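A quick note: this is a predicted structure, and the numbers were derived from the prediction, not measured. These values consider heavy atoms only, across backbone and side chains, with no hydrogens, waters or symmetry-generated copies.
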Amino acid sequence: MVYVFDDGGVLVDVIPDRNTIEDAEHETLVAPASGLYEPVTFNKETQSWSGLSEDEWKKEHPETTEPSALQQIVMQQSKTIVQMQSVMMQQSKDIAKLKGANA
């Protein structure tokens with residue numbers, strides 16, 4: 001398996017069906033350790049990979065419990081639709097009463 005990295009050493013691709021290096025400046029056969037989080041980078045001098053730990057990654061990417069802007073829009077539209085349905089049902093009842101009074 002060949003691991004491809006850019007000029008900054010950042011892992012950009014994995015070629016699973018190749019076991020020879022074609023570009024020594026941007027490829028290695030050294031596999032990154034499991035448990036590394038992005039950005040995963042290769043150091044040519046030490047021939048090793050580095051990356052963030054799970055805890056470090058979580059600090060940089062905190063979970064949000066607030067709905068996204070899109071979710072807020074969808075919730076507001078849903079509320080508006082429910083209100084409109086309620087008004088339409090009341091109007092239908094009022095129309096039926098008026099028709100019954102004129103019969």
Side-chain angles (χ1 to χ4, degrees):
M1 194 172 302
V2 174
Y3 301 89
V4 183
F5 50 90
D6 64 16
D7 289 333
V10 177
L11 179 65
V12 293
D13 197 8
V14 177
I15 305 171
D17 57 347
R18 202 171 90 204
N19 291 320
T20 57
I21 294 174
E22 295 176 4
D23 178 4
E25 288 297 311
H26 298 100
E27 296 178 351
T28 184
L29 297 175
V30 177
S34 62
L36 294 179
Y37 285 75
E38 293 183 349
V40 177
T41 57
F42 187 70
N43 182 321
K44 289 188 242 182
E45 292 177 15
T46 62
Q47 291 290 298
S48 64
W49 291 95
S50 62
L52 297 178
S53 69
E54 182 178 4
D55 289 338
E56 291 169 323
W57 190 87
K58 284 182 177 181
K59 285 179 186 174
E60 290 187 13
H61 301 86
E63 292 184 34
T64 59
T65 56
E66 294 181 22
S68 68
L70 177 60
Q71 290 171 325
Q72 290 177 4
I73 291 169
V74 169
M75 288 187 302
Q76 183 59 43
Q77 288 177 338
S78 296
K79 183 178 174 184
T80 301
I81 289 169
V82 168
Q83 290 171 341
M84 290 172 59
Q85 287 174 331
S86 177
V87 168
M88 287 175 53
M89 286 177 24
Q90 185 60 47
Q91 288 175 342
S92 292
K93 289 177 187 176
D94 293 344
I95 290 170
K97 282 182 188 177
L98 291 171
K99 282 185 178 179
N102 288 332

Undergrad: Please report the shortest heavy-atom distance between Leu11 and Tyr3, naming the atom on each side.
TA: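 In terms of heavy atoms, the two residues are closest at CD1-CB, 4.1 Å.
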Undergrad: Within the distance-only criterion (no hydrogens, no angle test), does the side chain of Glu27 pair as donor or acceptor with the backbone N or O of Glu22 below 3.5 angstrom?
TA: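 Indeed, once roles are kept as given, a pair shorter than 3.5 Å links the two residues.
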Undergrad: Between Trp49 (side chain only) and Val30 (backbone N and O only), is there a donor and an acceptor less than 3.5 Å apart?
TA: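 Judged by distance alone, yes, a pair lies under 3.5 Å.
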Undergrad: With sequence neighbours left out, which residue pairs that include part of residues 56-71 fulfil the salt bridge (charged side-chain N to carboxylate O under 4.0 Å, His left out) condition?
TA: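 Every salt bridge (charged side-chain N to carboxylate O under 4.0 Å, His left out) pair that includes a residue of residues 56-71, provided the two are not neighbours, is Glu54-Lys58.
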Undergrad: Would you mind reporting whether Val2 and Leu29 have side-chain heavy atoms less than 4.5 Å apart?
TA: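 Of all side-chain heavy-atom pairs linking Val2 with Leu29, at least one is under 4.5 Å.
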Undergrad: How far apart are the closest heavy atoms of Pro16 and Met1, and which atoms are they?
TA: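 Pro16 and Met1 have their closest heavy atoms at CA-CG, 3.7 Å.
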Undergrad: Taking atom CD1 of Ile95 and atom CE of Met88, what is their separation to the nearest 0.5 Å?
TA: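 The CD1 atom of Ile95 sits 10.0 Å away from the CE atom of Met88.
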Undergrad: Tell me which donor-acceptor pairs under 3.5 Å the side chains of residues 31-43 have, and how far apart each pair is, sequence neighbours excluded?
TA:
residue : atom : partner : partner atom : Å
Thr41   : OG1  : Ser50   : OG           : 3.1
Asn43   : OD1  : Glu45   : N            : 2.8
Asn43   : OD1  : Thr46   : N            : 3.1

Undergrad: Using a 4.5 Å cut-off on heavy atoms from C-beta on, say whether the side chain of His26 contacts that of Asp7.
TA: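 Side chain of Asp7 against side chain of His26, heavy atoms only: contact under 4.5 Å found.
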Undergrad: Which pairs of donor and acceptor atoms, one on a side chain in residues 77-84, lie under 3.5 Å apart (sequence neighbours left out)?
TA:
residue : atom : partner : partner atom : Å
Ser78   : OG   : Val74   : O            : 3.0
Thr80   : OG1  : Gln76   : O            : 3.0

